[in-house]
Amino acid sequence: MLNWLIKSEPDVFSIRDLEKVEQEPWSGVRNYQARNFMWRDMKVGELALFYHSNANPPGIAGVARVASAAYPDPTQFEKNGEYYDPKATEEKPRWYLVDFEHVATFDELLPLTVMKADDVLSEMLVCQKGTRLSITPVEDKHFNHVLDLAGVTI
DNA sequence: GCCAACGTTGGC
DNA sequence: GCCAACGTTGGC
């Protein structure tokens with residue numbers, strides 16, 4: 001059982017948006033490392049911290065759960081879509097995704113500034129300068145510490 | 001809006 | 001297979 005952190009721009013898709021849908025296909029990831037995490041490593045039922053990037057302020061907004069096995073990202077085949085990949089074919093897809101479902105929304109966002117100032121959480125990849133990866137694994141101690149600070153029990 | 005960090009592309 | 005150029009991410 002692994003834990004994850006997934007980034008989303010709240011202007012595009014926020015934790016509130018996740019509350020409203022039953023399951024959300026995590027489409028549009030076009031980074032091989034992030035794809036491999038979804039395709040190879042994620043298992044149904046695993047939990048992910050839902051991080052608001054490009055936000056004011058940025059930080060962790062809640063928790064999501066892996067709700068499906070990996071399958072080809074349909075947006076890679078949409079010719080006029082933003083995420084079209086001409087090198088991908090139905091027979092040989094390049095991009096895979098999983099669905100996420102909502103688990104919890106924090107009463108208050110846990111801001112990146114607070115995480116960086118925390119002795120434990122400052123070790124997290126998302127706190128390191130220059131980490132642009134949109135999906136990262138999260139250690140148990142970090143995951144649990146975030147839930148503690150947010151006052152959330154799952 | 002700036003810019004540092006980093007991934008990807010493509011010429012050679 | 002190297003690496004310069006370019007594009008993107010994302011905090012500030």
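In what follows, chains are A, B, ... by sequence order, proteins preceding strands, each numbered from 1. Remember, predicted model here, so these are calculated numbers, not experimental data.
For the salt bridge (charged side-chain N to carboxylate O under 4.0 Å, His left out) with Asp85(A), the qualifying choice from Lys79(A), Arg30(A), Arg94(A) is Arg94(A), the only one to do so.
Residues Phe77(A) and Tyr83(A) are not in side-chain contact: their nearest non-hydrogen atoms beyond the backbone lie 4.5 Å or more apart. For the pair Val63(A) and Val146(A), the minimum side-chain heavy-atom distance is 4.5 Å or more.
The 5' end of DNA chain B is approached more closely, in terms of each residue's nearest nucleotide, by Asn54(A) than by the other of Asn54(A) and Gly130(A). Nearer to the 5' terminus of DNA chain B, by closest-nucleotide assignment, is the contact made by Thr131(A) (compared with the other of Arg94(A) and Thr131(A)).
Aromatic pair His102(A)/Phe100(A): centroids not less than 6.0 angstrom apart. Ring centroids of Tyr32(A) and Trp95(A) are separated by less than 6.0 Å, placing the two rings close together.
Bracketed by its first and final contacts, the part of DNA chain B lying under 4.0 Å from non-hydrogen atoms of chain A reaches from dA4(B) to dT8(B) in 5' to 3' order.
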